[in-house]
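This report refers to the structure that appears directly beneath it.
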Amino acid sequence: MSSIRGTLRAGMILGTLAAFTAAGFATDRGVRSVLLDDLDRSLRERGRWVASTVELAEEGLELGFVELEMGDFGPAGGTSYLEVWRVEAGTLYRSPSLEALELARPLTAVGEEALGFERMPDGRQLRTYHTRLVARVDPDLGPAPKGPLVELSLGRDLSGVDRLMGRLHVLFVVIGWRPCCSRS
């Protein structure tokens, strides 16, 4: 009788551990997915906003966002990275946060957007947004030709997401550990 009881007890413990492990894994994946979805939405919105400020004017190609204060692109502790290229002429803008680094330029068709991951040479992982667009033409130019092709890549450091996930993992351990340690 005691061997049946012991077998049942061991089975229940293993089943409970398996259920908690599966629930923890599902929660981990779900939280990370929600965080990345929010980050993707933010990158898309910011990328579209930056793209909307690129305009062909009488003086040439203007980048309206350059005049604005965007602290997270700064060199001191910047967590966001931006690079804009004119397809035929090269780099138009590089955020100070990039220093000597360059963002990848995945191939996209005009109007398409691509999201991805990129690892920087120093090991940081970024979530990236990339698009190719035709620059708007200033209406004051009159019947002007089509605007030039421009590409932009925007990246955000994932260390904040990684820190939050690390805290969640510690919380899982504490929650899982506390009930088994509080019994006498």
Side-chain angles (χ1 to χ4, degrees), residues 24-57 59-136 147-174:
F25 182 77
T27 302
D28 179 81
R29 294 296 100 200
V31 169
R32 186 167 180 80
S33 176
V34 167
L35 290 173
L36 287 178
D37 286 349
D38 187 51
L39 183 58
D40 290 349
R41 187 173 25 266
S42 171
L43 283 170
R44 271 191 209 100
E45 287 172 4
R46 192 142 200 207
R48 289 172 183 163
W49 175 80
V50 167
S52 75
T53 70
V54 177
E55 181 178 72
L56 180 62
E59 302 80 32
L61 202 55
E62 293 182 356
L63 307 174
F65 65 88
V66 174
E67 301 165 2
L68 304 173
E69 179 64 35
M70 297 188 296
D72 56 337
F73 290 112
T79 57
S80 295
Y81 308 90
L82 175 64
E83 198 163 2
V84 180
W85 304 270
R86 184 169 178 171
V87 172
E88 302 297 324
T91 303
L92 295 169
Y93 176 83
R94 292 170 43 77
S95 64
S97 56
L98 275 170
E99 297 170 351
L101 304 174
E102 292 184 6
L103 293 174
R105 294 172 65 178
L107 297 175
T108 55
V110 173
E112 286 186 1
E113 299 173 318
L115 290 162
F117 293 98
E118 185 174 334
R119 184 148 318 264
M120 301 301 275
D122 63 3
R124 286 175 293 166
Q125 188 172 17
L126 306 180
R127 184 67 168 162
T128 58
Y129 165 87
H130 182 82
T131 191
R132 181 180 284 200
L133 60 125
V134 176
R136 288 181 309 123
L149 282 179
V150 175
E151 289 182 78
L152 72 87
S153 283
L154 182 62
R156 176 88 39 89
D157 191 331
L158 286 175
S159 60
V161 171
D162 293 339
R163 276 193 305 275
L164 184 59
M165 293 306 295
R167 289 182 192 141
L168 181 63
H169 296 158
V170 168
L171 184 62
F172 285 160
V173 170
V174 169

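Quantities reported herein were computed from a predicted structural model and do not represent experimental measurements.
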Is the side chain of Arg86 donor-acceptor paired with the backbone N or O of Gly90 at a distance under 3.5 Å, no angle test? no
Can any side-chain N or O of His130 pair as donor or acceptor with the backbone N or O of Pro106 at less than 3.5 Å? yes
Side-chain contact test, heavy atoms from C-beta onward, threshold under 4.5 Å: evaluate it for [X] versus [Y] and give yes or no.
X	Y	answer
Val50	Leu154	no
Arg132	Val150	no
Leu103	Leu126	yes
Val54	Leu61	yes
Arg94	Glu102	yes
Leu56	Pro148	yes
Glu118	Gln125	no
Tyr81	Thr128	no

Which pair of non-hydrogen atoms, one from Ser97 and one from Ser80, has the smallest distance, and what is that distance? OG-O, 2.6 Å
In terms of heavy-atom contacts, Ala104 and Trp85 come closest through O-CH2, 4.1 Å
Quick one: list whatever passes side chain to side chain contact (heavy atoms under 4.5 Å, CB included) with Glu113, sequence neighbours left out. Arg44, Arg48, Tyr129, Thr131
Run the side chain to side chain contact (heavy atoms under 4.5 Å, CB included) test against Ser42 and tell me which residues pass, sequence neighbours left out. Arg156
Kindly compute the distance separating [atom1] ([X]) from [atom2] ([Y]), expressed to the nearest 0.5 Å.
X	Y	atom1	atom2	value
Arg105	Leu152	CZ	CG	11.0 Å
Leu101	Ser95	CG	OG	9.5 Å
Asp157	Asp162	CG	CG	8.0 Å

Over 60° means perpendicular and under 30° means parallel, so classify the ring planes of Tyr93 and Phe65, tilted if in between. perpendicular
Checking side-chain contact (heavy atoms from CB on, under 4.5 Å) for the pair Arg163/Leu158: CA distance, chi angles, key distance, verdict? CA-CA 9 Å; Arg163 276 193 305 275; Leu158 286 175; over 6 Å; no
Distance-only check: which donor-acceptor pairs under 3.5 Å involve side-chain atoms of residues 31-40, not counting sequence neighbours?
| from | atom 1 | to | atom 2 | distance (Å) |
| --- | --- | --- | --- | --- |
| Asp40 | OD1 | Arg127 | NE | 2.7 |
| Asp40 | OD1 | Arg127 | NH2 | 3.4 |
| Asp40 | OD2 | Arg127 | NH2 | 2.9 |

Above 12 or not: heavy atoms from other molecules or residues under 6.0 Å from CZ of Phe25? no
